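Working notes, structure below.
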Amino acid sequence: MNLKLKALTKSLWVYHLCVGGSCNNCDIEILDLLTPRFDIERFGMMLVGSVKHADAILVTGSLTLKSLERVKTVYEQAAKPCVVIAIGACACGQGIFANGPNTPNPVDSVLPIDIYIPGCPPKPEAMILGIVKLIGKLTGKK
Amino acid sequence: MANKIIPIGPYHPLQEEPEFFRLHVDGETVVDIDIEIGYNHRMIEKIAESKSYDQVTFLVERICGICSTSHPFAYTNAIDDLLGVTPPERALYIRTIVGELERIHSHLLWLGLAGHFLGYNTVWMWAWRYREPVLDIFERITGNRNHYAMFKPGGVRRDFYEEDFPWIKKTLKSLIPKFDMFKGAVMDDPIIRARTEGIGVLTRQDVYDYSVVGPTARASGVGIDVRKDEPYAAYDKVEWKVITADGGGVFAKAVVRILELYESTNIILQCLDNMPKGDIELNIKDMPVGEGIGRHEAPRGEVFHYIMSDGGNSPVRHKIRAPSFMNIASNKKAVIGHTISDATIILAAVDPCYCCTERTAVVDYKTGKKVMDGQDLVRLSQEKTERMRR
Amino acid sequence: MKHLFNFLIFPGFLFTATVGLVASWIDRKVTARVQWRVGPPWYQPFIDLVKLSIKEITVPKDASKPVFFMAPLIGLSAVILSSTFLWLANIELGVSGFTGDLIVILYLLTIPSIMLILGASASGNPLAAVGASREIKLLLAYELPFVFALMVPIIKSNGLLKLQDLIIFQAANGAFVSNISGFLAMIVAIFCMQAKLGLVPFDMAEAETEIMAGVYIEYSGMLLAILKLTKIMAMVALPLFLSTAFWGGFSILKYVALLVIIILMRNTNPRVRIDQALRFFWKKMTFVAVIAVLLAILGM
Amino acid sequence: MRRTEIIENIKVRCGKDLLELNDRSEKRVYVTIKKEILPKIARYLFNDVRARFVIASGVDIRKAIEILYHFSMDEIGLIVSLRVILDKSNLEIESLTSIMKCASWIEREIHELLGVNFKGHPDLKHLLLKDDWPEGNYPLRRDS
């Protein structure tokens, strides 16, 4: 496995993108990942401030009408290779707000999503498992 | 700064759904404040009309991630009021325990964030570290860290097992010394006291004018608490007292929340001790025509649910009012006259959903040009702590 | 050829970079330990840089391309130059260095900050502009006391401007830190070093929760790797510079001591507001530095 | 203020405008009144009885729009709900913001979702929906 892939998987910088229509529980669970008990910095992952630094975009919330175009522009700015992770039932399949008038289209109709982490909210362990699977997918061995 | 307009991009590392405060500032002091909400409006009331009564409990649970059992609590109270029934004893006790456990985890979460806004990141890490045992208790008795899906019209969905009680009691008792540490950290730390005392004060008259609820009102000496005024679930079978403080400032609100931690623990321990046997739900055949009002004292204040049913399978109308709806409006009075660096902690004192304070923006009163954004305010308040400490 | 070797391999680029990587790993590990977290593995900084180098470089549409690309490179070369001089001064006695190289190094150490400002304002992003303006203010704030503090060794060694002579002088009659004026100057220099490295009490230029990674916001890929590398190598060069100017030459122990001071300051206090930093440096630090200079003149 | 006393006072103040008083349970009283008398009763409840204004809830019951103003007397745990029925022809009612500052947000929400016009409201603009939400499209209406 060449050095490039190894480097990418060993230091995955994460950017949190909340597309509106979320009950901020997944976002609290993402912040839980930084706290002492689940500390993801030991895997080399860091929450970064700008989408240009990010390798992985954590998408939470079911897309509201208002934030549709902004999500596209943010995604285009991310430096490739970039991975999109959908966190929580709302991002994976619009969850409980599916037939709401304000959240018509699911997230994966706008962004190419690589890993779906279901759960409402997904447990921090589930998120870490999701990222382990993502690394498995990137490095080719299942 | 050059006359660049600073875009407040909605995508920011720490924020969740955005409410939006725009402070009109004259130099350092805040002169006026615009409050805009609705960025995250999911039209839950519209969706509720298309769901059956039982499904609405799951929808209503996902209104707010932090107090995710308050809304089902009030909703099921409303249905019980509509039907005129009261769930069995054991279900009432289980409901009280879940409600109080959530108050602990929500207050600890707020404590961590207040520490973060004042510049004490270690307080943030510690508060959220001691919140984990509470989430473990939740995971053990309800199966999930939040969104517990415990409530059902006419009772509770899952039963507690006797052999869990000793473990829950041990974990809760282990938290009490940690609460003492936080009480010490907040009450005796001269810098936090200096930073939060006397700012963002709401007088008793303000509490009436803005009809604020929860710790925001209790911090100004107004002892309104739905658990005492209209006892529901097992709150009248357990003796506890309503915490009020006078002063009405941010410090009083912090004190009220910390003392409520102790009160909630002692309620839970009492409920665990004298939990009666028996079944945990009534089966409800059909919903009569009529309307029902249900209330619950959520960590942030009184949650109010109103249901109107025409005998059909889903509610005709389901009005939901979160406590922050009233508390956020009261910021208009609390923030005016204070400096910008205090603005963040005043807005956070109402414990609105986490992101409101991140979205504050400061517009220069004369030029109307955006001068600082939410994050500057967080830093300003952190510096003020720094100045105080020196 | 030997100089090329010095610049690129031994005391220059590679050596300083590895020492810097280890130093930044220690920094991240200690910060995590303070917050009861486990902290990253030992190779983390190195892997971060390798990963960044393979990422795509995105250039904003309305950025001025040449400045945007050149800024990080010039910043890096300045740091390489200064660290090579410092190492050579410490290792090969009597050969390298020229009179006045103290001043040259002082200049070289300000170039990375200036390049950061240029790069940020070239990127056309208003948030980066906010970061750049804060960096300029910070630069103005700490340069004044820094220069005053550096006058102390010159006065005490009555006019030696060559690094090596300074080391020899200090070896002969005791490091400058030993007496009061040298000690005060050292404290001022440490604060200025904290600001120059952009670490927490004074990192408003790149404050993450405020202006979303401030000056670095538009950089990505290799350019970001270079910028991060510059910062890491400055973490080696600056303590080195301080220990040669005030503490009589370099030793592992002195370097670790300075590193510990930096990390402690970073973990114990919140960020400082920009106008407050100005007041702090111009009033307090300059005052202390002037006293140090006066004491030095009186020969204390 | 005892519970019976309050109910008596409301009856006296409404006089003929009182359409129906449903004393549903110990804690709940629903009072149906005409819209003209609403400000007077609201002022009595809010200022004299010091009741806390909880919320107002609008409902589209096919032929008319019904607005309920809920007031809570916390010491005795009683909720009095004033019900006002506006038929769809003229959806106009007096705004209570002058009496209670906290009513302004909920009146904006009802205006936005149901299309009721509140006379005398300081700034009746959108509260929850996007500003460019199509005019005349009221999400909670049942007739469309």
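Remember, it's a predicted structure, so these values are computed and weren't measured experimentally. So you know, we letter chains A, B, ... as the sequences are listed, proteins then strands, and number each from 1.
Not one N or O on the side chain of C/D48 forms a donor-acceptor pair closer than 3.5 Å with the backbone of A/S11. Between the side chain of C/K55 and the backbone N or O of A/A54 there is at least one donor-acceptor pair closer than 3.5 Å.
To the nearest 0.5 Å, atom OG1 of residue C/T58 and atom CD of residue A/Q77 are 8.0 Å apart. Taking CD of C/Q44 as the start and CZ of A/F43 as the end, the distance is 11.5 Å to the nearest 0.5 Å. Expressed to the nearest 0.5 Å, how far CD of A/E41 lies from CZ of C/R37 amounts to 4.5 Å. Considering OH of C/Y43 and NZ of A/K10, their distance stands at 4.5 Å, rounded to 0.5 Å.
When all heavy atoms are compared, the tightest approach of A/W13 to C/K228 is CH2-CE, 4.1 Å. The minimum heavy-atom distance between A/A7 and C/I47, with the atom names listed, is O-CG2, 3.6 Å. Summarising the geometry of A/D39 relative to C/V38, their closest heavy-atom pair is OD2-N, 3.1 Å, with the distance given to 0.1 Å.
Neither the backbone nor the side chain of C/L49 comes within less than 4.5 Å of any heavy atom of chain A. Neither the backbone nor the side chain of A/M45 comes within less than 4.5 Å of any heavy atom of chain C.
Environment of CZ in C/F46: sparse, with no more than 12 heavy atoms of neighbouring residues, nucleotides or ligands closer than 6.0 Å.
Considering only heavy-atom pairs separated by less than 4.5 Å from chain A, the leading option among C/G221, C/A32, C/P41 is C/P41.
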